[in-house]
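Let me begin by presenting the structure, written as structure tokens, before commenting on it.
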Amino acid sequence: MKTIIFVCLGNICRSPMAEMMMRDLVAQRDLNQVIEVESRATSTYEIGNSPHPGAIAELRKENIPLVPHSAKQISQTDFDSAALIIGMDQQNISDLKAMAPEADRDKIHLAYEIMNKQKVIEDPWYDHKFDRTFHQLSEVLPLWLDQLSK
Ligand code: 4NP
């Protein structure tokens with residue numbers, strides 16, 4: 001089993017959307033026995049909370065199956081168990097690199113790195129543009145799944 005963990009600041013907007021969208025792709029490709037998908041926060045701000053209502057509405061609109069979720073902060077066990085750890089923006093990456101054991105730092109990547117783009121998955125927390133989050137994640141997730149299932 002290979003585990004991919006998506007990480008954002010709060011684990012209520014971008015990374016749970018990434019998790020649920022990727023779980024859907026994994027199921028479509030019949031990879032449930034091979035690939036595990038999780039999501040985590042760098043911060044403690046939203047621990048225990050459900051995904052943002054805007055994230056849930058966007059996933060529903062796009063027919064992505066919803067999975068029960070409560071926000072969790074990334075742990076040392078997560079760094080150890082993951083094959084890939086995908087951050088949404090530069091702040092996530094610098095926080096993750098500071099938190100990770102040195103042996104696990106190479107697992108950490110910026111989401112758009114797979115497209116060689118200097119772009120970030122922008123935070124919808126302030127402007128509620130969850131359709132932008134969906135669109136941006138749709139660009140990169142299939143490519144990360146290709147990489148993980150190689
Ligand atoms: P996320 O969005 O990192 O995509 O889950 C945010 C969630 C919570 C906060 C900021 C961004 N916050 O400041 O509590």
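Every number for a ligand or one of its atoms is a count from 1 in the order of the listing.
Asp127 CG: more than 12 foreign heavy atoms inside a 6.0 Å radius.
Residues meeting the side-chain hydrogen bond (donor to acceptor under 3.5 Å, both in side chains) test with Ser75, sequence neighbours left out: Asp78. In this structure, His52 has no side-chain hydrogen bond (donor to acceptor under 3.5 Å, both in side chains) partners at least two apart in sequence or on a different chain.
Listed by chain and number, residues touching ligand 1 at under 4.0 Å (heavy atoms only) are Cys8, Leu9, Gly10, Asn11, Ile12, Cys13, Arg14, Tyr45, Glu46, Asp123, Trp125.
Listed here is the closest heavy atom pair of Leu148 and Lys2: O-NZ, 2.9 Å.
Using a 4.5 Å heavy-atom threshold, the side chains of Leu145 and Met22 count as touching.
Among residues at least two apart or in separate chains, salt bridge (Lys or Arg N to Asp or Glu O under 4.0 Å) pairs with a member in residues 85-103 are Arg14-Asp89.
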